[in-house]
Amino acid sequence: MTASSQHGIIFNIQRFAIHDGPGIRTTVFFKGCPLRCWWCHNPESHKILPEKFDGCNLRRGFDQSFSMDKDEIGKEISVDELMNEISKDRVFYEESSGGVTFSGGEPLMQPEFLIESLKSCKAVGIHSTIDTSGYASFDAIKDAAAYTDLFLFDLKLMNDDVHEKYTGVSNQIILKNLVELDQLGKKIIIRIPIVPEITDTNENLFAIRGFIYYLNNVIEVNLLPYHRAGEGKYIKYGRENKMGDTVSPERKNLENIRDFFSETKYKVKIGG
Ligand code: SF4
């Protein structure tokens, strides 16, 4: 393995993840995201720098092997330190055709750290996946694509005004990046958050289906049902939760959406 002193800021390493790409994976959560999705269940990811908080329990459920100060979210880590963590579960990746997923937050907000990490994975034969909002410079996406195996690419809202209202940014760069990534020939799994009355409207789902139909390298579509697991974090972290009493979509509704997307050429799955 080539030694790398490149550093980045992450806020969790989740081992034995099974919803972030194929097989058993280690998911590395990068800090920092340019979006502010109303339904985000990781609000602690938004700011790129480590953050102090007072005595709350935000780290409950975090991987205990990943040590941070107990009153801090986010930690600077070198690529070599990260690779030491990732390599611990190599036997599970090999047995399950798994690997590592770089998630967040938005991993492409720290492109140098991400690319050095991808290179290190590639050098030792560990399958890598990037879980992205698609809101990044295409140069960064292209550079990362040279060293990764798979993209999990979120598609949220096709109407630009509605996208901006619910995520804080325009979708134009995201859609353009998706088309250009597809043209690079990289494997892509499209992930659609199913959020009642926001992304889950006939108009939006029709528009997404129509858009992805013409892509050539999408291998799967994942429907990610809204859930309230992050609710407590908004309270503990002093952030406004704009979702109010919104509840998770019903199973029958998700099955209908799955059937609707199954009319495309793609395999469709409820969940990641
Ligand atoms: S892109 Fe993902 S991490 Fe960023 S705000 Fe939206 S849901 Fe949260």
Side-chain angles (χ1 to χ4, degrees), residues 8-14 17 19-21 27-51 58-59 61-62 73-74 101-111 113-114 129-138 140-141 144 151-160 162-178 181 188-200 204 208 221-244 246 248-249 271-272:
I9 299 172
I10 63 174
F11 67 95
N12 194 13
I13 297 174
Q14 185 76 56
H19 297 293
D20 296 323
T27 303
V28 181
F29 292 87
F30 281 42
K31 202 138 159 42
C33 185
L35 277 67
R36 293 292 180 269
C37 305
W38 283 28
W39 54 87
C40 183
H41 56 265
N42 284 330
E44 74 275 32
S45 72
H46 292 171
K47 295 180 183 169
I48 197 162
L49 295 175
E51 296 168 80
L58 272 172
R59 295 182 57 234
F62 281 19
I73 293 289
T101 298
F102 296 98
S103 183
E106 171 51 69
L108 286 155
M109 266 191 94
Q110 301 184 61
F113 176 56
L114 174 64
T129 294
I130 299 173
D131 178 14
T132 180
S133 67
Y135 195 89
S137 82
F138 188 69
I141 292 176
F151 279 80
L152 308 180
F153 200 109
D154 292 356
L155 266 190
K156 302 176 171 76
L157 289 154
M158 295 302 288
N159 179 296
D160 197 18
V162 182
H163 193 280
E164 187 151 357
K165 173 178 176 185
Y166 288 108
T167 72
V169 301
S170 164
N171 65 10
Q172 294 304 294
I173 186 171
I174 295 169
L175 300 179
K176 184 169 175 288
N177 282 341
L178 177 55
L181 177 63
I188 302 166
I189 293 179
I190 298 289
R191 309 238 282 185
I192 307 169
I194 303 299
V195 187
E197 295 176 29
I198 300 179
T199 65
D200 183 9
N204 187 49
I208 291 178
V221 174
N222 293 168
L223 307 175
L224 307 181
Y226 170 73
H227 59 77
R228 298 174 71 164
E231 207 172 57
K233 293 181 185 177
Y234 282 85
I235 297 167
K236 289 170 180 166
Y237 213 37
R239 300 272 166 88
E240 182 190 6
N241 180 3
K242 296 179 177 174
M243 292 305 291
T246 304
S248 302

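Remember, it's 1-based here, ligands and their atoms both numbered in the order they're listed. Just so we're clear, the structure is a prediction, and the values are computed from it rather than from any experiment.
- In terms of protein heavy-atom proximity, atom 3 (S) of ligand 1 is closest to Gly105 N, 3.5 Å.
- Checking side-chain atoms of Asn159 against main-chain N and O of Val162 turns up a donor-acceptor pair under 3.5 Å.
- Nearest protein heavy-atom neighbour of atom 4 (Fe) of ligand 1: Cys33 SG, 2.3 Å.
- Contact between Arg191 and Gly272 at its shortest, heavy atoms only, is NH1-CA, 3.5 Å.
- Atom 6 (Fe) of ligand 1 has as its closest protein heavy atom Cys37 SG, 2.3 Å.
- Remark: the Ser170 side chain and the Asp160 side chain contain an N/O donor-acceptor pair separated by less than 3.5 Å.
- Counting only distance, with no hydrogens or angles, the side chain of Lys31 and the backbone of Glu44 share a donor-acceptor pair below 3.5 Å.
- For His46, the heavy-atom gap to ligand 1 drops under 4.0 angstrom.
- In terms of protein heavy-atom proximity, atom 8 (Fe) of ligand 1 is closest to Cys40 SG, 2.3 Å.
- With a 4.0 Å cut-off on non-hydrogen atoms, Glu106 does not touch ligand 1 at all.
- Donor-acceptor pairing under 3.5 Å is lacking for the side chains of Asn241 and Lys233.
- Heavy atoms only, all atoms of each residue included: Pro193 and Leu155 are closest at CD-O, 3.4 Å.
- Residue contact annotation: Leu35 has a non-hydrogen atom under 4.0 Å from ligand 1.
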